[in-house]
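The block underneath contains the structure these notes are about, expressed in structure tokens.
Convention: sequence-line order gives letters A, B, ...; per-chain numbering from 1. Atoms considered below: every heavy atom in the structure, side chains included; atoms not considered: hydrogens, waters and symmetry mates.
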2 protein chains.
Amino acid sequence: MSITPPSSSEPRHPIGVVARRTGLKPDLIRAWERRYGAVAPGRTETRRRFYSDEDIERLLLLRRVVNTGRGISQVAGLSNPELAALIEAEPAPAAYAQPSPAAPEEVDQVAEACLNRCLSAAQRLDVGEMELELDRASVLFSRTHLIERVLVPLMRRIGELWHQGALRPIHEHMASSVVRSFLGGMSGAGHPELSAPHLVVTTPARQRHELGALLAAATAAGEGWQVTYLGPDLPPEEIAAAALQKRARAVGLSITYPPDDPMLVDDLRRLRRLLGPHTLLLVGGRACSAYSAVLQEIGALRLEDLAALRRELHELRTRTPGNFDNIVDNILTDDR
Amino acid sequence: MSITPPSSSEPRHPIGVVARRTGLKPDLIRAWERRYGAVAPGRTETRRRFYSDEDIERLLLLRRVVNTGRGISQVAGLSNPELAALIEAEPAPAAYAQPSPAAPEEVDQVAEACLNRCLSAAQRLDVGEMELELDRASVLFSRTHLIERVLVPLMRRIGELWHQGALRPIHEHMASSVVRSFLGGMSGAGHPELSAPHLVVTTPARQRHELGALLAAATAAGEGWQVTYLGPDLPPEEIAAAALQKRARAVGLSITYPPDDPMLVDDLRRLRRLLGPHTLLLVGGRACSAYSAVLQEIGALRLEDLAALRRELHELRTRTPGNFDNIVDNILTDDR
DNA sequence: AATACATGGACAAATACTTGACATGAGATC
DNA sequence: GATCTCATGTCAAGTATTTGTCCATGTATT
């Protein structure tokens with residue numbers, strides 16, 4: 001990224017743009033200039049005003065100061081730092097309280113209750129209620145607990161009820177839709193360090209069940225990784241393109257359904273080739289054990305469950321990059 | 001930016017093609033060249049312009065910059081990176097402080113700027129940034145504007161860029177994934193009156209593109225309906241079960257892809273039979289016109305676009321239930 | 001022949017500038 | 001308390017500039 005050298009003070013913005021960026025009407029900006037000399041934009045040969053980034057900054061400051069009740073004439077002559085000081089002096093709105101951390105032995109009970117409420121919302125096909133319940137849960141529990149104590153058991157329970165005929169497919173469908181969109185909102189909303197390694201998560205082509213991948217993405221985000229969730233059903237070329245563009249340290253795949261898809265084997269080999277040897281492959285999901293041969297061949301780590309994924313991700317973050325390069329290199333050279 | 005290295009710079013495209021690809025009229029492209037030297041295409045011996053891919057890239061950038069309110073004369077001389085920087089630098093509007101109902105003529109510009117930021121987030125595969133931008137947009141715009149001025153144009157634009165090869169499938173895939181999850185969060189978050197009629201939205205079996213259905217669901221929620229979005233790809237039995245359980249006044253379907261699916265025809269007939277005559281069927285989507293015969297046969301309303309859907313939903317809310325029962329009854333009895 | 005393109009000119013819409021006036025509300029004054 | 005005054009945001013009228021669009025005419029391509 002450029003260090004923004006074009007952030008110089010040369011006037012560049014027409015008044016319309018300035019108005020949109022500051023939320024002040026053009027008339028008002030001109031009035032402030034005319035009456036109080038609040039800003040001194042440059043002009044073109046045809047007398048059109050052109051504002052610099054600093055001018056915009058100043059107008060924003062002025063707007064905030066004026067909004068605190070002071071008259072424009074009082075502050076129009078002040079320097080930018082003085083304006084900033086005035087804003088600082090203004091009392092800040094009160095902060096919010098944060099929820100108390102639940103006692104450890106209570107967690108199970110609370111989770112169970114939450115799970116039941118989700119279940120009954122699913123039975124009633126009440127999307128809003130279920131979303132609400134999940135939102136509440138996301139405040140009560142840590143990400144890990146939320147995933148492993150609420151979401152996973154919930155989907156398992158719904159699956160069971162469905163197979164028993166107690167729920168229709170539509171109920172399972174709707175519940176997984178809600179969980180999916182909930183997880184989608186969750187995996188992005190972290191605040192990872194910029195130095196954190198990058199993980200790209202998806203499912204291979206023809207793998208349309210994305211719940212596992214979403215759970216993995218959320219788990220990784222909880223472990224402090226920078227996660228890019230790509231959505232399901234992607235051919236190896238696209239996965240590799242994304243991984244390269246994001247300079248991902250690792251790629252996570254979830255394989256759920258057909259335990260014998262020869263094209264998937266090919267796709268996995270191709271993916272390894274496209275990625276090059278320096279990107280780690282993490283593979284999980286119900287059906288992934290059926291592919292253990294290929295996975296070993298291409299040097300992919302097979303993760304049995306989310307807890308295993310969590311451990312692996314944690315270890316990876318704290319290890320030096322060089323190490324796996326060696327691991328993968330060795331496996332690959334064996335392969336040749 | 002383009003991941004496709006064969007972005008050759010040899011002039012190849014005549015002005016008509018360039019116009020179609022950039023959305024700029026040929027006259028305008030020539031005017032920009034004549035008056036400001038915005039581009040310098042090659043010429044044949046007979047003085048016909050021939051544009052390179054880079055020229056097209058540049059024109060697209062120029063269009064985006066100009067749409068954010070700058071004069072073409074001010075930016076025509078800038079380099080491509082400088083143009084990209086200007087687009088990047090266009091911040092979210094500072095209109096949060098004041099609940100100004102955004103002057104109607106400004107909406108377009110604000111929407112365009114937002115759209116640009118979403119586009120560049122998609123290009124960078126930056127999921128978090130795109131979600132953030134959509135969240136901001138959801139505060140700035142009404143639901144209708146958000147959908148029809150931001151989301152729909154965004155997906156259309158991304159689709160165009162994808163077909164032109166300027167974006168990889170992965171970019172389109174990721175963007176639609178983000179939009180999907182965003183819409184999923186939106187359609188529930190209404191506060192409909194309890195007396196509002198209920199709408200069940202989904203796509204028929206084998207219809208896996210759910211974007212249209214989600215847009216419809218969000219639109220309906222904006223019109224004050226109680227909406228249950230079921231997710232895509234459902235057989236008629238499940239749709240009917242859900243509609244009956246929710247006592248839905250109407251069922252909305254989106255049909256996007258195969259313009260000739262005989263099983264779909266059967267499914268639609270079956271759905272009507274399962275629903276009984278008192279539930280209205282609303283059908284839209286790119287491919288729905290291909291099924292107009294069946295749709296008429298089963299007494300379904302065909303909606304051309306979201307605006308039509310909006311009008312229809314509005315009218316339905318304000319009409320008495322008895323009326324369509326009659327309408328549907330008539331159609332069905334005709335059919336027997 | 002029909003279509004697509006080039007050129008230069010003309011025109012209209014959009015955007016900006018200036019000046020001046022008006023409405024409103026907060027203080028100051030009587 | 002009524003009135004006056006001033007500060008300030010807004011608007012209108014008239015003009016100028018910028019910019020998108022259209023057209024007439026001629027040439028090239030298909």
Exercise for the section: Round to the nearest Å and state the distance from Leu59(A) atom CG to dG9(D) atom P. Expected result: 12 Å
Practice task
For Ile87(A) and Arg64(A), work out which heavy atoms get closest and say how close.
Solution key: CG2-NH2, 3.4 Å
Handout entry: Donor + acceptor pair across side chains of His171(B), Glu238(A) (<3.5 Å)
Key = no
Practice task
Taking only heavy atoms on the protein side, list every residue of residues 27-39 of chain B lying under 4.0 Å from any atom of DNA chain D, sorted numerically.
Solution key: Asp27(B), Leu28(B), Ala31(B), Trp32(B), Arg35(B), Tyr36(B)
Problem - Arg48(B) CZ to dT3(C) P, straight-line distance once rounded to whole Å - result: 15 Å
Exercise for the section: Specify the separation, in whole Å, of atom CZ of Arg70(B) and atom P of dT18(D). Expected result: 17 Å
Fill in the blank from the handout: When Ile72(A) and Ile72(B) are each assigned the nearest nucleotide of DNA chain D, the 5'-most assignment goes to Ile72(A)
Exercise for the section: Please examine the side chains of Arg30(A) and Asp27(A), heavy atoms only from C-beta on, and report whether any two atoms are closer than 4.5 Å. Expected result: yes
Practice task
Let me know the distance between CG of Leu24(A) and C1' of dT8(D), rounded to the nearest Å.
Solution key: 13 Å
Exercise for the section: Considering just the side-chain nitrogens and oxygens of Thr46(A), establish if one lies under 4.0 Å of OP1 or OP2 belonging to dT18(D). Expected result: yes
Problem - Val17(A) side chain reached by Thr68(B) side chain, heavy atoms, under 4.5 Å - result: no
Practice task
Take atom CZ of Arg49(B) and atom C1' of dT29(D), then tell me their distance rounded to the nearest Å.
Solution key: 16 Å
Exercise for the section: Would you mind telling me which of dC17(C), dG20(D), dT7(C) lies closest to the side-chain atoms of Val66(B)? Expected result: dG20(D)
Exercise for the section: For Ile15(B) and dT29(D), give me the distance from atom CD1 to atom P, rounded to whole Å. Expected result: 15 Å
Handout entry: Any Trp32(A) side-chain heavy atom under 4.5 Å of Ile72(A) side chain
Key = yes
Problem - Leu214(B) side chain near Val179(B) side chain, heavy-atom distance below 4.5 Å - result: no
Completion exercise
Interatomic distance, CE@Met155(B) vs OG@Ser176(B), rounded to 0.5 Å, equals 5.0 Å
Exercise for the section: Name the closest nucleotide to the Lys25(A) side chain, picking from dC11(D), dT29(D), dT17(D). Expected result: dC11(D)
Problem - Interatomic distance where CZ belongs to Arg63(B) and P belongs to dT19(D) [whole Å] - result: 18 Å
Exercise for the section: Could you check whether Pro26(B) gets within reach of a base, just the sugar-phosphate, or nothing at all, counting any heavy atom under 4.0 Å? Expected result: nothing
Completion exercise
When rounded to whole Å, the CD to P distance for the pair Glu45(B) and dT29(D) reads 8 Å
Practice task
Kindly say if Arg47(B) contacts the phosphate of dC5(C), meaning a side-chain N or O under 4.0 Å from OP1 or OP2.
Solution key: no
